[in-house]
Amino acid sequence: MEAFNFSTIGIIHSCYKEKFGIPRQSGLVTEAKAQLTLKDDFSEESIRGLQSFSHLWLNFVFHGHQNDGWKELVRPPRLGGNAKMGVFATRSTFRPNPIGLSVVKLDNIELNKSQVILHLSGCDLLDGTPVLDIKPYLPYVDLIPDAKGGFAQNKPENTQEIVFTNEADLQCQQANQRLGQDIKLVVIQILQLDPRPSYQQGNSGVRVYAMKLYDFDLKWQYCENKQIKVLCLEVVK
């Protein structure tokens with residue numbers, strides 16, 4: 001197999017601090033924020049004209065899965081984790097080459113002296129993700145209305161009701177002020193997608209789930225009647 005060498009052009013600084021809880025596609029959690037900081041090799045000239053585009057394609061490395069290997073058959077979560085499909089018929093992170101592709105919204109461009117920082121939203125990228133390339137999203141060719149989506153034709157349904165304890169509600173307000181963002185909405189969008197493994201979905205009980213988000217640990221439980229209770233947002237010190 002022929003080998004190629006690629007250099008990263010920048011690094012993602014994301015609200016997602018670990019793999020668990022990251023949405024399985026970009027755009028599902030519209031309020032998820034990230035910044036792409038370009039390396040010093042790339043000046044303002046390299047992004048001239050980029051501000052006229054609303055969305056971008058990012059080619060990146062699944063750096064959190066590089067040592068996990070790959071298989072020809074994988075179990076897509078959209079099929080309940082039971083049926084197997086060929087790896088090239090899925091967007092599994094376990095690929096022969098750990099390369100990903102995401103569409104993200106370009107919120108603004110920051111120029112900090114010689115540093116170029118792209119502010120993004122709708123991301124599904126782990127903090128520290130190395131980016132290989134940026135391309136503008138072109139609606140006239142990238143949006144295909146009659147395209148077929150195979151086993152993932154439709155967007156996942158958000159049927160979970162999210163409720164917050166008094167403690168969690170107060171901590172959301174504090175996080176809003178600290179981070180300058182509607183954190184409660186971010187939490188709701190993430191949990192409505194039910195980030196649990198497929199074999200655990202549909203179950204309720206006393207188990208407490210947790211994920212690292214921004215500068216806090218988000219903790220929640222699954223209750224009866226498709227209700228999710230947010231317990232707390234513990235700031236990581």
Does one side chain, of [X] or [Y], offer a donor that lies under 3.5 Å from an acceptor on the other?
{"X": "Asp142", "Y": "Trp57", "result": "yes"}
{"X": "Arg91", "Y": "Gln25", "result": "yes"}
{"X": "Tyr214", "Y": "Gln181", "result": "yes"}

To the closest 0.5 Å, what do you measure between [atom1] ([X]) and [atom2] ([Y])?
{"X": "Phe60", "Y": "Leu126", "atom1": "CZ", "atom2": "CG", "value": "10.0 Å"}
{"X": "Lys84", "Y": "Arg75", "atom1": "NZ", "atom2": "CZ", "value": "4.5 Å"}
{"X": "Phe216", "Y": "Leu213", "atom1": "CZ", "atom2": "CG", "value": "4.0 Å"}
{"X": "Gln177", "Y": "Ile183", "atom1": "CD", "atom2": "CD1", "value": "11.5 Å"}
{"X": "Phe6", "Y": "Asn97", "atom1": "CZ", "atom2": "CG", "value": "8.5 Å"}
{"X": "Thr129", "Y": "Leu36", "atom1": "OG1", "atom2": "CG", "value": "10.0 Å"}

Report yes if the side chains of [X] and [Y] come closer than 4.5 Å at any heavy-atom pair, otherwise no.
{"X": "Pro96", "Y": "Phe88", "value": "yes"}
{"X": "Asn59", "Y": "Val131", "value": "no"}
{"X": "Tyr137", "Y": "Leu143", "value": "yes"}
{"X": "Ile9", "Y": "Phe42", "value": "yes"}
{"X": "Asp217", "Y": "Met211", "value": "no"}
{"X": "Ile47", "Y": "Ile109", "value": "yes"}
{"X": "Trp70", "Y": "Pro98", "value": "no"}
{"X": "Leu58", "Y": "Leu125", "value": "yes"}

message: Could you check whether Lys229 makes a cation-pi contact with Phe164, meaning its NZ or CZ is under 6.0 Å from the centre of the six-membered ring and within 45° of the ring axis?
response: no
message: Quick check with a 6.0 Å cut-off and a 45 degree axis cone: is Arg95 positioned over the face of Phe62's six-membered ring?
response: no
Is there a donor-acceptor pair closer than 3.5 Å between any side-chain N or O of [X] and the backbone N or O of [Y]?
{"X": "Gln221", "Y": "Val208", "result": "no"}
{"X": "Thr30", "Y": "Gly27", "result": "no"}
{"X": "Ser102", "Y": "Ser26", "result": "no"}
{"X": "Asp169", "Y": "Thr165", "result": "no"}
{"X": "Asp127", "Y": "Lys17", "result": "no"}
{"X": "Glu31", "Y": "Gly122", "result": "no"}
{"X": "Thr8", "Y": "Gly10", "result": "no"}

Joint cluster assignment, [X] & [Y], ILVMFWY side-chain distance < 4.5 Å:
{"X": "Ile11", "Y": "Ile134", "result": "no"}
{"X": "Val236", "Y": "Leu179", "result": "no"}
{"X": "Ile190", "Y": "Leu28", "result": "yes"}
{"X": "Leu231", "Y": "Ile228", "result": "no"}
{"X": "Val103", "Y": "Leu106", "result": "no"}

Would you list the atom pairs, donor with acceptor, under 3.5 Å between side chains in residues 110-118 and any protein atom, with sequence neighbours excluded?
from	atom 1	to	atom 2	distance (Å)
Glu110	OE1	His119	NE2	2.7
Gln115	NE2	Leu38	O	2.5

Please report the closest heavy-atom contact between [X] and [Y], naming both atoms and the distance.
{"X": "Cys123", "Y": "Tyr16", "result": "O-CE1, 3.4 Å"}
{"X": "Pro76", "Y": "Met85", "result": "CG-CG, 3.7 Å"}
{"X": "Lys219", "Y": "Ala210", "result": "CG-CB, 3.9 Å"}
{"X": "Val29", "Y": "Pro23", "result": "CG2-CG, 3.9 Å"}

Does this structure show an ion pair linking [X] with [Y], if we count only N-O contacts that are shorter than 4.0 Å?
{"X": "Asp194", "Y": "Arg196", "answer": "yes"}
{"X": "Lys135", "Y": "Asp133", "answer": "yes"}
{"X": "Lys105", "Y": "Asp107", "answer": "yes"}

query: Do the ring planes of Tyr222 and Tyr209 sit parallel (below 30°), tilted (30 to 60°) or perpendicular (above 60°)?
result: perpendicular
- prompt: Out of Arg178, Gln171, Gln174, which residue meets the side chain to side chain contact (heavy atoms under 4.5 Å, CB included) rule with Val235?
  reply: Arg178
- request: Start with the C-alpha gap between Lys33 and Cys15, add the side-chain angles, then the distance that decides, and say whether side-chain contact (heavy atoms from CB on, under 4.5 Å) holds.
  value: CA-CA 6 Å; Lys33 304 294 185 179; Cys15 62; 5.7 Å; no
- request: For Gln227, look at atom CD and say whether over 12 heavy atoms of other residues, nucleotides or ligands are found less than 6.0 Å away.
  value: yes
